[in-house]
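Notes follow once the structure below has been shown.
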Amino acid sequence: YSELELSELSTMQAVAVARGLLGDPLPDPARAAVWVAEESGGNPFLLSELARHLMQAAETGEDVAEIGDLTLDELFRRRLSVLASSSSFC
């Protein structure tokens, strides 16, 4: 087990990483990359999770055009809602 400490990314770095993770299937990938960079605050883990959420949403046909109106809190609520509805408790 090793621990790797990651420092916060600058806004430019975060946008570049987000753009690379997102690819082109989103309606406005440049806008999405800026949103991911801003909402993550440069945190590499949050950045990758936000990008993954957007990619999954786009793949399932979810409307990602509203991205500017989505907050990190709302994203977590949506993901938890999906997890809760798809899990079964014994």
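Just so we're clear, the structure is a prediction, and the values are computed from it rather than from any experiment.
The side-chain heavy atoms of L50 and W35, taken from C-beta on, include a pair separated by under 4.5 Å. S48 is listed as a side-chain neighbour of L21, based on a closest heavy-atom distance under 4.5 Å.
Minimum interatomic distance between L26 and A32 (heavy atoms only, all atoms of both residues): CD1-CB, 3.6 Å. In plain terms, the two heavy atoms of L22 and P29 that are nearest each other are CD1-O, 4.2 Å. Of all non-hydrogen atoms in A14 and A37, the two that sit nearest each other are CB-CB, 3.6 Å.
Remark: D24 engages R19 in a salt bridge (charged side-chain N to carboxylate O under 4.0 Å, His left out) (not counting sequence neighbours). Residues passing the side chain to side chain donor-acceptor pair (under 3.5 Å) test with S10, sequence neighbours excluded: Q13.
The CD atom of E8 sits 10.5 Å away from atom CG of L46, with the distance rounded to the nearest 0.5 Å. To the nearest 0.5 Å, atom CG of residue L54 and atom CD of residue E59 are 11.0 Å apart.
Taking a 4.5 Å side-chain heavy-atom cut-off between Ile, Leu, Val, Met, Phe, Trp and Tyr, the cluster of V15 extends to V34.
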